[in-house]
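One structure is given here, and the rest of the page talks about it.
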Amino acid sequence: MRESKAKKAERIGNILRILKETYPDAKPELDFNNPFELLVATMLSAQCTDKQVNKTTAVLFPVYGTPEAFAALTEDELAPYIKGCGLYKTKGKNIIAASRILLEQYGGEVPNDRDALTKLPGVGRKTANVVVSNAFGTPAIAVDTHVFRVSNRLGLAEAKDVTKTEQQLMENIPEADWSIAHHWLIFHGRRCCSARNPKCESCTVREYCSEYLKNQKKQK
Ligand code: SF4
């Protein structure tokens, strides 16, 4: 039987309440001191762990921490600093090109504007959402691999792609919670609901999780 709107809203409310209680420490895991550092760190984080990015930027930012400094670099000069993050040729090229555009078109500032950000090379909607929400406090839900997997398992979304998942999360979660819910879902994905071995038996939200309830029914 299909879940009524009221039941779904109640279930989602319970999930959000419990995730909030479970992860009171939820926050961005990339280290940054300003919007530009967050932009570069997020660009480096594609297919790389936050831990490795933080290790990289701890060395990189004290030397090259501004759009001016990156814009003046060649790809070969930047490469040794970012090699550990993987895909370094593409990432380096994009970071340098994005820094030049920030200098030429935005006075060296990162715009608090998702559409402007997604026009920068190497910046997709996910990266733009991370920057506007974490650097500027603009409500947004960046859908990365954890958020996509966990929200669709939980039934906070029922979508096959990240764009639809983001739309549905924005419909189902109060706007004031968009940014923090993104962190709750990432923390839950890393600590409990992993891709291969979700720890359903110790999961704090299992009684409201669509996937868990569906599997329980199958076993009966
Ligand atoms: S019950 Fe299992 S599938 Fe559902 S959120 Fe928890 S760990 Fe993930």
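Both counts, for ligands and for their atoms, begin at 1 and track the order of listing.
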For ligand 1, which atoms have a heavy atom of [X] less than 4.0 angstrom away?
X	answer
R206	1 (S)
C209	1 (S), 3 (S), 4 (Fe), 5 (S)
P198	7 (S)

Which protein non-hydrogen atom lies closest to atom 6 (Fe) of ligand 1, naming both residue and atom, and how far is it?
C203 SG, 2.4 Å

Identify the closest protein heavy atom to atom 8 (Fe) of ligand 1: which residue and atom is it, and at what distance?
C193 SG, 2.4 Å

Tell me whether Q47 at atom CD has more than 12 heavy atoms from other residues, nucleotides or ligands lying less than 6.0 Å away.
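Not more than 12 within 6.0 Å, no.
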
Within the 4.0 Å heavy-atom cut-off, what C200 brings close to ligand 1 is both

Checking contacts here: is it the side chain or the backbone of L154 that comes within 4.0 Å of ligand 1, counting heavy atoms only? Could be both or neither.
side chain

Judged by modelled atom types alone, do S133 and T138 share a side-chain donor-acceptor pair under 3.5 Å?
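There is no such pair between these side chains.
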
If Ile, Leu, Val, Met, Phe, Trp and Tyr residues are connected whenever their side-chain heavy atoms lie under 4.5 Å apart, and connections chain through other members, are V150 and I141 in the same group?
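Shared cluster, yes.
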
On a heavy-atom basis, I'd like to know which of R153, R149, K214, H188 is closest to atom 5 (S) of ligand 1.
H188

Between T145 and R149, is a side chain to side chain contact (heavy atoms under 4.5 Å, CB included) present by the stated rule, with each step listed?
CA-CA 6 Å; T145 175; R149 179 183 71 257; 4.1 Å; yes

Relative to the ring of F70, is the ring of Y64 parallel (under 30°), tilted (30 to 60°) or perpendicular (over 60°)?
tilted

Is the shortest side-chain N to carboxylate O distance from K89 to E75 below 4.0 Å?
no

